[in-house]
Structures are given as structure tokens and as C-alpha cells.
Amino acid sequence: MHSLPRPCLMDTALPLKGTAAEAAAALGIATVGDLLEHFPHSHRDRRDVRPLGGLAVEEKATIEVTVKGVSVRPMRNRRQKRVEARVADESGPALAVWFNQPWVANQLTVGGRLRLHGTLKRRNQFWVAEHDLVTAGGMSGSGLVPVYPATEGLSSDRLRKLVWSIRPLVRHAVEPLPAWLRASQHLADRPAALDAIHFPAALEDEDDARARLAFEEFFLLELALAARKRARAESMRAPSLTGGGDLIESWLAALPFAPTAGQRAAFVRVDADLASERPMQRLLMGEVGSGKTVVALHAMLRAVESGRQAALMAPTETLAEQHLATLDRLLGGLTPIALLTGSTPARARREILGRLSSGELGLIVGTHALIEPAVEFRDLALCVVDEQHRFGVRQRAALDAKVAPGRAPHVLHLTATPIPRTLALTAFGDLDVTALRERPAGRGPVETHVVDGARARARAYERVREEIATGRQCFVVCPLVEESDALQAAAATTEAERLRRTEFRHHRVELIHGQMPGREKAKAMSAFASGDADVLVATSVIEVGIDVPNATVMLIEAAERYGLSQLHQLRGRIGRGEHPSLCVLFGDAELPRLRAVADEMDGFRLAEVDLDLRGAGEFLGTRQHGLPHFRVARIPDDAELLQRARDAAERLLASDPELAKPEHALLRDAVKARFGGELRPIPA
């Protein structure tokens, strides 16, 4: 991200050369302003200063002393040296010793004051682990010593000294937040917050400074997201999809189940979006098995009955194939649908492209192949993007390019991972959000157990055989292997061969993994879905999109290698029919995420637990999802602060949507500078 706009003084280059300058560049530090915004990640608390005379041998403590003399002496091997300083406080003298740090001698002056942290050793020696100079004005006078993110060639201590040397320039920092906002939110001004976050007089001062700067980060982000949402709505036009309703009514009447109340509510929200000429940007997230595909198909059929086209794009061929199978089953032959992936044979590909360009084909499912230049739609009106965080911004934008300039398709984003509110307000803050929480009626309960050891494993296999005897089926999921699809595929192949020889030698065992040719994967899935196969050994390719109601047992090998969300998604492949189901996790029952999966079935609550355990970046898995880098703000810890910033941004934009008032000029500039290249902010 770009730094906030600063006067020329803030753009002054730092007096660094050689290795130090290269190290600073690696940390993103080139100017005075960059350094002031390179915040400490913590503070060493050195406030409890003890008298030398009161220390016991081997006691660790912080002391404050005056230097009486300095010398450098060789150590036993003669190659290394130690610095010795005669020091004293009011309670008595001692010899302060630094090992293998001869440069420390150049920092010490007779009569100077030091704050030392270390251990009192024999003969009144104080072995120093850390030291700070107590200067006039008191760089360490408060006893709270900033510790900075550092790198080779530029230590935290060096950074601290650099920040201290430019501390007087803090007063020149630009304040982007208007006075009325700071007053209403009880926030300090920016210069004061910058000073306090580096050199707080007390811990509460650091907390207040961090809150002030975190609020600013959130506030600028929410303004930028609102601007991006408004810019798309005002600069682009989408077709109004109203249709006659006959196609959808026929489809609903033929469904073998009644949509849930949550699905029907989603139908209404999505229909309202599609009826508008403002391009829909809606995120549909839901509990495992809550029926997101039904809502997506409802929207796609609305496009078809309006005489236009709809496309569903999935991140993998396996998922695209499963979507096609599910949609085809739900459609019951009502309207044609096709699949386009990188594996589509040339002849079939030419036929599909021709039908898309002519408009004969209204529904298409595919992978990245849908955004290739050769793919032309006659009238693309709706894009459904599944697992959208796994697509880059450019890939999603390529779908927009499939329509005429100035026009945009409606977009419905799907995610099988419930998004905690804090992330929904940041990474997806420019989207309208709909959540599906209820599972369809008539589905059996799912028990989850974490087990380890040979006896537990033998009992799990016995339980699978018992289920097979009653006509049910089982998944066996093999572990992730060094995040390599090829190695995971090899492990799954080996496990399938072992199970065919041993535990399930009297049963049909099929295998599916991402490295298999499409035809072989389809054959294996067809055998399992039809009930011809009893056991499906698989990799994590079955995490989403697989719907086999007759499967009632899932065994997950090396469960500790999976994330909490992945485990919940895998478990979601069972319990889709009327029969009670069982999920067995082979792993350490003491691991927090495994305990959480065993104890909790609610995906929304598990998502909050997962966010707490892993943090925002890891939760979403990639940097493609649009979550900005925060210098100060912490998710989910600052959830309350984020909500305050969101509310304040909405109030401000209600009264000044373009930030055109003079008192908002610096705020407008700050949004542009911070997010100009990332979020298409407020237009000039």
C-alpha cells in the first residue's frame, strides 16, 4: 500500500548507506515518513528498576547505573572479546559485561547513564543481555523500550535509535481525520498517536495510540470499499433480468424437495438485484449442505428466461464437473447446460463455443477456460463465481470483459466457508452478503470423533464394514503431503491399494485425486454416486461439491495436516441423507482445531474459532482475496473498532458521498494514496 500523503519534510531520505540502506529498503523504509510508520511490534518493559545492592546472585533484573570506566578485553580463545564497564548506582558498584559485542564500547561514555537488563553473576558481575542509553529527554526514561520488525543489516536497536533521532519531526505528520470525527470518536490527533506508539509514557498510552491508528486504517478502508462499490454501480450498467417466471416456476414445481426458508429469502434478495440495472455484487455464503447451488441455479435460470446467458466458474476441473452433475440433476432436462474446461476435447469445445456465441446455449459451467479470449457469449448477463477467493482480481475482471464496454454482468460470488463478520467488512466490504444457515429438512445427524492408536483404527474400519453391510458407503480421505498434489495423489493411490488388499478386500474401492485424467475421475465418481462402489479413497479434491446422500462414514487420515475449515468442509460430504453419519479424524485429540471440529457442527461458529486460531491472512488462504495489509489493526481482535469505523464511514458518506467538502480534502487524498492501486477509490 502507499503511505499517507506527507509534506516534503516527511519525504526526506534517511541518512543510510550500503548494507543498512538495502536492509531498510527490504523493510519498505526509504524516507522519514516511512520510518515513522514502521511501528514497533512490542515494547520491552524495563520499568521495574532494581538497586544493585539488593540483587541476589543469578537473579535477573533491570538496573539503572552510571558508567565509571570502559575497557575491552580478550577472551580465552583470543579471537573474541568482551566489553567491561565499571558502573554504579546509589546502592553500590558492579562490573557490567558484554560478551562478543566489542562495538558496545563505542556507545559508552564515562558519566553516561545506562539501563541494563541481565543477570547478576559472581564477584559482583552483571552480565548484560540488553542495554539502553538513558539520554537527556529520556529515550528509555519511561522504561518501555520499542522493539521493531528488523532484518539482517538493520537491527531493532538501530531502528530505535533512528526513530528517536527523527522524533521531533512527528509534528509534521499529516492529519487526515477531520476534527469533528476525532472528537466524536475520542481519538488523539495523528502526530500524538505516532509519537505514543513509538515511545509511550505508559502501556495505556500505547494502547490508545494503536486504537487511534487502527481506527484510521479501518476508516480509510471502509471509505475506499464504499467508493469502489459506488463506482461500479454508477459507471457500469447490467441487464435488468425480470423474465416471465414460467421457467423458474416449472423448475421449482419439479424439484424433489421444498426450498428452505433461507433459500427462499435468498431468491427474493437476488431477484431484486437482478431486476436492477446496477450490476449485482453479492456474496452468498452458507453452512455446509445449506443449498447454495440451488440459489445459484435460481439466479441462472432467471437470466435464461430473460433471453440471456449465465456462467458458473469454478477453480478446479473436479469442482466444475461436480457442479455440472449437480445442476444437471436439479434441472432434470429443463434446459441445456454444458461444461467447458481445459480438458474439453477440441471437437466438443468448438461445438460449445459456437452455441455460446450464437446464444443457443444459455447455461455453461467451467473453469478458467471460460475467460479465454476465444470464448464469446452472445449475451452474458450473470456470472456465478464459486470459491471466489481462489480467483485473482484479474481473472474475475476478465468475466466483465465478456460483455460490451460500459456494461457488466451481474455477479454472484459463492463461498462454502462462512466468513466471520470482521472479514466480511474488510475483504468483502464492497459486496452485499447473504448467509444460508439452515440445512434442508430430513438430513441425519453427524457425530465426530478424534481418535488415535491401532485399536481405535481397527474399530473405525469395523464400523465402516458395518455401514456397508446396511447398504451405506464411506469416504477415506488421505492426508495432505507437503502441499503437493502429485505427492498427495501418490499417497492416495498407495492407500487405496492397501485397503483393497486388507480392510476392504471384500468390497469395491474406488480412487479419485486431482492428478487423474478427467474421464477416470468421472468414472470413479459415477461408480460411487450410483452405489456400485462401497468406499471412495480420495484427496481433498472432494472438499466441496460432492453430493452422495448414501455416504454415511468419513475417515480422515492425519487430520492435523488440515485446517479447521477444510475439516468441516470434508465432513460436510456426509450427513446429506436421512441416515445418521459418523466422521472419524485420525489425529491428536489435544489439538485445538481438532477439538473444535469434534465439539461443534455450526460452521459459522467454527469460522470464528478458525479466525482466532489462524488470523485473517491464513484464514482466507491467499492474498488474492483483497484483504489489505494492516500496519496496526488486528483482525479479529479489533472487531469492535472496525464496526465503529464502518458506522462512521457510512454516516460521513451519507452527508458527503464524494468527500467534496473542504474539511474532507485531506481525507479524500489519504484514501487515494492508501488504496489507489488496490481498490479503485473515489474518483477525482
Counting distance only, does the side-chain N/O of [X] pair as donor-acceptor with the main-chain N or O of [Y] below 3.5 Å?
{"X": "Ser276", "Y": "Asp273", "value": "no"}
{"X": "Ser306", "Y": "Leu241", "value": "no"}
{"X": "Ser526", "Y": "Ala522", "value": "no"}
{"X": "Gln309", "Y": "Asp379", "value": "yes"}
{"X": "Gln263", "Y": "Gly291", "value": "yes"}
{"X": "Ser357", "Y": "Phe377", "value": "no"}
{"X": "His323", "Y": "Gly366", "value": "no"}
{"X": "Arg355", "Y": "Ala338", "value": "no"}
{"X": "Lys402", "Y": "Val375", "value": "yes"}
{"X": "Glu520", "Y": "Pro517", "value": "no"}

### Minimum heavy-atom distance Glu438-Gly262, with the two atoms named
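Answer, listing the atom of Glu438 first, then Gly262: OE2-N, 2.7 Å.
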### Task
Work out which heavy atom in Arg573 is nearest to a heavy atom in Gln569; give both atom names and the distance.
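Answer, listing the atom of Arg573 first, then Gln569: NE-O, 3.2 Å.
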### Query
How many angstroms lie between CD in Glu495 and OG1 in Thr539, if you round to the nearest 0.5 Å?
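Result: 13.0 Å between the selected atoms.
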### Message
Between Ser540 and Gln566, do the side chains contain a donor N or O and an acceptor N or O under 3.5 Å apart?
### Response
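No, because no side-chain N or O of Gln566 sits under 3.5 Å from a partner of the opposite role on Ser540.
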List the atom pairs, donor and acceptor, that lie under 3.5 Å between side-chain atoms in residues 242-251 and the rest of the protein, sequence neighbours left out.
| from | atom 1 | to | atom 2 | distance (Å) |
| --- | --- | --- | --- | --- |
| Ser250 | OG | Asp246 | O | 3.0 |
| Trp251 | NE1 | Leu330 | O | 3.1 |

### Arg347 and Glu351: CA distance, side-chain angles, deciding distance, salt bridge (charged side-chain N to carboxylate O under 4.0 Å, His left out) verdict
CA-CA 6 Å; Arg347 183 175 179 179; Glu351 179 188 354; over 6 Å; no
### Task
Can you sort out the partners of His298 under ring-ring contact (aromatic ring centres under 6.0 Å, His included), two or more places apart, ordered by chain and number?
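Once residues adjacent in sequence are excluded, the partners of His298 under the ring-ring contact (aromatic ring centres under 6.0 Å, His included) criterion are Phe267.
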### Message
If you define the side chain from C-beta out and look only at heavy atoms, does anything of Pro279 sit under 4.5 Å from Val411?
### Response
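Side chain of Pro279 against side chain of Val411, heavy atoms only: no contact under 4.5 Å found.
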### Task
Evaluate the salt bridge (charged side-chain N to carboxylate O under 4.0 Å, His left out) criterion for residues Lys229 and Asp432: first the C-alpha distance (whole Å), next the side-chain angles of each, then the deciding distance (0.1 Å), finally the verdict.
CA-CA 10 Å; Lys229 186 176 182 179; Asp432 297 310; 2.7 Å; yes
Name the atoms and distances for all side-chain donor-acceptor pairs under 3.5 Å in residues 548-555, with sequence neighbours left out.
| from | atom 1 | to | atom 2 | distance (Å) |
| --- | --- | --- | --- | --- |
| Asn550 | OD1 | Arg472 | NE | 2.8 |
| Asn550 | OD1 | Arg472 | NH2 | 3.1 |
| Asn550 | ND2 | Gly471 | O | 2.8 |
| Asn550 | ND2 | Gln473 | OE1 | 2.9 |
| Thr552 | OG1 | Glu467 | OE1 | 2.7 |

